[in-house]
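Data block below; observations after.
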Amino acid sequence: MNALFVANKPIGISSNFFLSRLKRKYGVKKAGFSGTLDPFASGSLIIAFGDYTKFFRFLDKTPKIYKATLWLGAKSKSLDNENIQSIKNISLFDKSTIDRIVKNLQGELTYTPPKFSAKKINGKRAYEMARNDEEFELKECKMNIYESKIINYSHPFLTILLSVSEGAYIRSYAELFSKKLGCDITLSALNRVSEGKFKYEDEEFLNPFEYLNLKENFYLGDLDDVILGKKLNFKNFKFLNDGEYLLNLGEFYSIVQIENNQVKYLWNRIKI
């Protein structure tokens, strides 16, 4: 069974556990997801079954839209609501102060990923090392905040709608916010609204070829050579520039890469 759709991951379970539920629901063995959501987070999770799991690297998932609720005055080791260390009652902030910080935290931001993250250090996940109280440092990264908008400020909870680049950590955004506001902040809730054109619509199956971030090319030679996976001459393509291309063969699709006058199959005979 080949399928591509968006599921709505609930709060309180891992993305892997949620995937296992979907595999049982649809009776499939081969399945995967793109864009891990932490257990405390909810929202859109791109799911693929069968051969369509090969498409993740070709999907355009930017911008990512999140609805994040910041808990002002709360301190957490993991910057979310799972490892709360302390909660302080702090005074209400001026709306103008909040507005100024939201506007300031836009564009390209430099940040250090949270230690409770899936980043790898010498082959080990950072969150595993953090849980074992191991000492380590993570390298600085960059993320883009394309747009940000305050949805609600009901002290001490501030909800913001964020449009961000792929690879952005919203928990790190909350940490940057806390430094500018001058108080501890953690995320009390996080919901991913969408990734690029992907948003939850009752697990409706999608045509993946409408979402691939690939230019369509045309093989002007014998199409049977493509179907049989034979070596292809790059001069027989309509577009000869280096790049990754989608070939529509009617009943099948292929993805090829042209580089230095050579043609390489990335995936071949993908059935619709």
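Please read these numbers as outputs of a predicted model, since none were measured by experiment. Here, residue 1 is the first one in the sequence, and each next residue gets the next number. Values below: all heavy atoms of this structure, side chains included; hydrogens, waters and symmetry mates excluded.
For Asn236 and Tyr219, the side-chain atoms include at least one donor-acceptor pair closer than 3.5 Å. Side-chain N/O atoms of Asn191 and Ser42 include a donor and acceptor closer than 3.5 Å. For the residue pair Asp80 / Ser78, a side-chain donor-acceptor distance below 3.5 Å is found, with atom types taken as modelled.
In terms of modelled atom types and a separation under 3.5 Å, the side chain of Thr62 and the main chain of Ser165 share no donor-acceptor contact. Asn2 contributes a side-chain N or O that, together with a main-chain N or O of Asp51, makes up a donor-acceptor pair within less than 3.5 Å. A donor-acceptor distance shorter than 3.5 angstrom exists from the side chain of Lys23 to the backbone of Lys29, with no hydrogens or angles considered. Proximity of a side-chain donor or acceptor of Asn268 to a complementary backbone N or O of Val226 within less than 3.5 Å is detected. Side-chain atoms of Arg192 come within 3.5 Å of backbone atoms of Ser44 as a donor-acceptor pair (strictly under, hydrogens ignored). In terms of modelled atom types and a separation under 3.5 Å, the side chain of Ser154 and the main chain of Phe157 share no donor-acceptor contact.
Applying the salt bridge (charged side-chain N to carboxylate O under 4.0 Å, His left out) test to every pair with at least one member in residues 206-218, sequence neighbours left out, gives no pairs at all.
Ring pair Tyr52/Phe209 is perpendicular by interplanar angle, where above 60° counts as perpendicular and below 30° as parallel. Ring planes of His155 and Tyr153: perpendicular class, angle over 60° (limits at 30 and 60°).
For the pair Leu240/Ile258, no side-chain contact is recorded, criterion being any heavy-atom separation below 4.5 Å from C-beta on.
By the neighbour-count criterion of 12 heavy atoms within 6.0 Å, atom NZ of Lys75 is sparsely surrounded, having that number or fewer from other residues, nucleotides or ligands. Around atom CD of Gln85, more than 12 heavy atoms belonging to other residues, nucleotides or ligands sit under 6.0 Å away. The number of heavy atoms from other shown groups lying within 6.0 Å of NZ (Lys197) does not exceed 12. The 12-atom threshold is exceeded at CG of Asn152, counting heavy atoms of other residues, nucleotides or ligands nearer than 6.0 Å.
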Candidate pair Phe5 and Tyr26, rule ring-ring contact (aromatic ring centres under 6.0 Å, His included), full reasoning
CA-CA 12 Å; Phe5 62 95; Tyr26 288 98; 5.5 Å; yes

Step by step, would you call Phe33 with Lys9 a side chain to side chain contact (heavy atoms under 4.5 Å, CB included)? CA-CA 11 Å; Phe33 62 84; Lys9 190 192 87 67; over 6 Å; no

Quick one, Thr110 with Lys142, criterion side chain to side chain donor-acceptor pair (under 3.5 Å). Give me CA distance, side-chain angles, the key distance, then yes/no.
CA-CA 5 Å; Thr110 300; Lys142 294 185 183 297; 2.9 Å; yes

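Every residue meeting the salt bridge (Lys or Arg N to Asp or Glu O under 4.0 Å) condition with Lys61, not counting sequence neighbours, appears here in chain and number order: Glu166. Looking at residues two or more places apart in sequence or on another chain, you find a side chain to side chain contact (heavy atoms under 4.5 Å, CB included) between Asp224 and Asp222, Ile227. Evaluation of the side chain to side chain contact (heavy atoms under 4.5 Å, CB included) rule for Asp94 yields Ser96, Thr97 as partners, not counting sequence neighbours.
Cluster partners of Leu79, using a side-chain heavy-atom cutoff of under 4.5 Å among ILVMFWY residues and allowing indirect links: none. Clustering of Ile, Leu, Val, Met, Phe, Trp and Tyr by side-chain heavy atoms under 4.5 Å joins Leu228 with none of the others.
None of Phe56, Tyr211, Phe55 except one satisfies the ring pair (Phe, Tyr, Trp, His ring centres under 6.0 Å) rule with Phe198; the exception is Tyr211.
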